[in-house]
Amino acid sequence: MSIAACLLIALYIRDELRYDKNWADADRIYRITGEYKFDGKLETGADWPAPMAKALKTDFPEVENSGRLMPHPLFYCAGSNQVRRTDEEQNTFEEGFTYADQSMLDILQVPMIYGDRKNALAEPNTIVISKSKADKYFPNQNPVGKTMILNNDKDRIYKIGGVMKDFPSTSHIRYNFLLTMTGYQLWDNEQTTWDASNYYTYVLLKPGTNAAEFQNKLKLILQKYYVDRMKKAGDPQADDIAKNARLLVQPIAHVHLYSADIDDSLEKGDIRFVWLFGAVAAFILVIACINFINLSTAKSANRAKEVGLRKVVGSHRRGLVQQFLTESIMFSVLSFILGLLIAVLLLPYFNTLAAKSLTIPWTAWWLLPLMIGSAIAVGVMAGLYPSFYLSAFKPINVLKGQLSRGSKNSILRNGLVVFQFTTSIILIIGTLVIYKQTHYMLNKKVGFDKDQVLLIEGTNTLDSKLEAFKNDLLKSSEIKSVSIGDYLPIAGMKRDGNTFHKEGKLKEDIGVFTQKWQVDYDYLKTMGMHMIEGRYFSKEMASDSEATVINQSMAKKLGFTNPIGQRIENGWQKFTVIGVIEDFNFESMRQEVTPLCLVLSKYNSTIVSVKISGADTKQAISYASNVWKGFSPNQPFRYTFLDESFANMYANVKRTGNIFSSFAILAIIIACLGLFALSAFMAEQRNKEIGIRKVLGASVSSITAMLSKDFVKLVIVSIIIASPIAYWAMTKWLQDFAYRIPISWWMVAIAGLSAIVIALLTISFQSIKAALMNPVKTLRAE
Amino acid sequence: MLELKGIYKWVNTGVNRTFILKDVDLSVKQGEFISIMGPSGSGKSTLLNVIGMLDDFNEGEYHFMHESVHKLKEKQRSALYKQYIGFVFQAYHLIDELTVYENIETPLIYQNIKTSERKAMVADILDRFQIVGKKDLFPTQLSGGQQQLVGIARALIAKPKLILADEPTGNLNSKQGEEIMDLFKEMNNEGVSIIQVTHSEKNAGYGTRIINLLDGMIAN
């Protein structure tokens, strides 16, 4: 069991540590990140303006090459798309799109299946697809030169420039479709502006370059392209940036594990977890060994006679030590085989738990020697003490029946039990807190009504028919309202960050960073949000195209006491505030609600939100599906529910909870095994005493109670140690959440009680067995 | 006070049945001092354990203080013997982790006697046995004779009607042995019945009656 857990954790750690080591020049590839102390908070990021990559290459001789990736779904075609071959009609939804520079292929030396890496993305409108996608769309052929269409957009037909090997699962760069940046810009002059930051930027340094020195030189970029330019434009923030911002380089192999605090919207690991897991594995192994030691010394009574006899017939102590060591090594090898078996059985479960796809590297040459080596090492570790302990028995005493009596209140033994139970209790409390927090987040009033909202996806292909689609949907009595728009109050949806100022204060105030969401007339109604003040957009008011509805935090941040009628601007647009909407959580509850403004807009949205009555959900879905078929027969109807997407935001919290509960269960099992061994040992040691007490009139229950009392004391000590640690750790964990639950005493109480109950159940077997024993038997040996 | 009628005890070894006790009839009156004698393996200790209700028997009837022991349940038996019987062992069987005082006190705890009362009773007996000065010592700090003294004090503390002693002097030298036997005699004179198992004719002489056991049968 323990070995199975260790094997799984070892696999996990190996996988985590392998990230991004596969690239040919991995030691020379760096990602540019940055940090900026603003408003007392340290903001981090890995998104940079389009021209930065080029600037790095031209301004620094150390840079051999530089490249960019732009996977942000805010921009057309990045993220996910409806895809089809040009010669087919049926659209398929695909994810994993990113814009990329040709130079990225060069820096990473992406292995190619078809096509020439050197110019696969060199021409405009070229695309590089992964092997698995090539097999899907162009089975058994070389697709280079063939064309594909994204989102029915016939103006931009993509030509396949190459097929690359799938990115390894152990890379933070995992895309299936690379769209070229050559000859493309997201908007006019976008490729030269330093005002918008959307690109992950990577550099390949020349061999022998000192990365730390290079990092120091990066100040130049800040000065040249930010501070000087901002000063010229009279931006009041220029000095602050010069003082408090820093550019950093991060080795590509560190991106996965060492960027937990970098706000880059990648799915990442965390080196702290790797350490934690490693420590857990080591602990499990050590505890398993100590439990084995306890158990085998406890059983020593049974073997004492054997030892005595062997000694009498002339066996040397060395021979005996050898015998016992061989035995424990055999046990260890056996448990490794069993452990491996269990690990194989548990691997699928573990994979879902850790969201990984680990496999046991059966074919690796080192597997067998490593396993045998560790089995022997563990065997020796666990067998050393018992073998010396057992072989030290004096034959005379043993044969006379006087057992060597180890110290009963050994600090080591009790310490072990306390340690094991402390761990278990901490994990139980942790599990409780995490589940409670998850429950809280999923059920908290978030400021909008997430129930009964159907999200129809991939609607951008409807294009000009979008409005007609909406009107047809509304014909059903099951459907209450329909809103066209990509800006939904769920993390990972479309976002648009802007800096807003009061009108005319552009050059005086440091602006308020605000989400500007493009919505339609029915957004408020569909999402079930509430107005606090003023009114929502109305079709009757023509002037609403220049109006905005802001949320409470924005009103506060801008310092409006009477926001209605105020004017705001972001540098290129001006709006009149017509209403204030109640704050709603639109990101994960880790974050406070930030300023937000809604503006009216009609655009080609990929999502249509449908509020249904909920009386007959099936009917509503099949109706919507039918309407969809009428409009878009070549594209499957794809939908989710808003509340499901909402719950998905907390999938990783749930996963942490699952990992915690698994660890808790494991810890409890191990602790119980340890306790079982210890109670067996104790019962063995106190055999005679129990016999005497029975003769003196002790009942079974009083003896059971006597034997259990000591252990319960240990568990209570564990509770006392565990509670503050758990409280501290979980408070720390909860601090990640802007909206969180308090830790209440009953969680500690439940954890403690369950630990006591579990401990009692474990000991009761041994103590009742001991108490039921016929005293005549234990007292006879004289 | 007790009567054994046709007591059989056996173990099955394969097809054979080995008898440990065979048709034992024994009746003991209040105030008797009985010595059970016999060679090794004749069933002396087993007989004593049966009388003490620590061991079962396979056949026969056993009446103790007007109770039919063979019909009682484990719990009732335990309640019966802890009230009326005190045990003394060859190997003393004191609890090593407890002091002399605590060892003597233990039977009282199992009879649910109040702390204050216990204190008085233990103090009494310590005084009587002249071991007050040793009350805070642990058994391993005492000589064999002193340990057996504590053992007897423990057997007497609950004021039993019957003392069962399994070779009480077996581990002692002759002088210590004599002291212990004198103590038994004294107790017997105070009205406590005693049944002892012994190898020694001399010790058997302290008693009022000798029962010879051979191959599980009373050989008188």
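The chains referred to below are lettered A, B, ... by the order of the sequence lines, with proteins before strands, and numbering in each begins at 1.
At most 12 heavy atoms of other shown residues, nucleotides or ligands fall within 6.0 angstrom of atom CZ in A:Phe331. Heavy-atom neighbours of B:Glu190 CD from other residues, nucleotides or ligands within 6.0 Å: above the threshold of 12. Atom CG of B:Asp215 sits in a sparse spot, with 12 or fewer heavy atoms from other residues, nucleotides or ligands closer than 6.0 Å. Enclosure of atom CE in B:Met65 by more than 12 non-hydrogen atoms of other residues, nucleotides or ligands within 6.0 angstrom is indicated.
Contacts between residues 693-706 of chain A and chain B, defined by a heavy-atom separation under 4.5 Å, are made by A:Arg693, A:Lys694, A:Val695, A:Leu696, A:Gly697, A:Ala698, A:Ser702. Using a 4.5 Å cut-off between non-hydrogen atoms, no part of residues 136-148 of chain B approaches chain A.
Put simply, NZ on A:Lys688 and CG on B:Leu94 are 7.5 Å apart, with the number rounded to the nearest 0.5 Å.
In terms of non-hydrogen atom pairs under 4.5 Å with chain A, the most contact-rich of B:Gln111, B:Arg154, B:Met53 is B:Arg154.
Under the ring pair (Phe, Tyr, Trp, His ring centres under 6.0 Å) criterion, the residue pairs touching residues 755-779 of chain A are A:Phe676-A:Phe765, with sequence neighbours excluded.
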Could you pull out all donor-acceptor pairs under 3.5 Å where a side-chain atom in residues 713-721 of chain A meets a protein atom, sequence neighbours excluded?
residue	atom	partner	partner atom	Å
A:Ser718	OG	A:Val418	O	3.3
A:Ser718	OG	A:Leu714	O	2.9

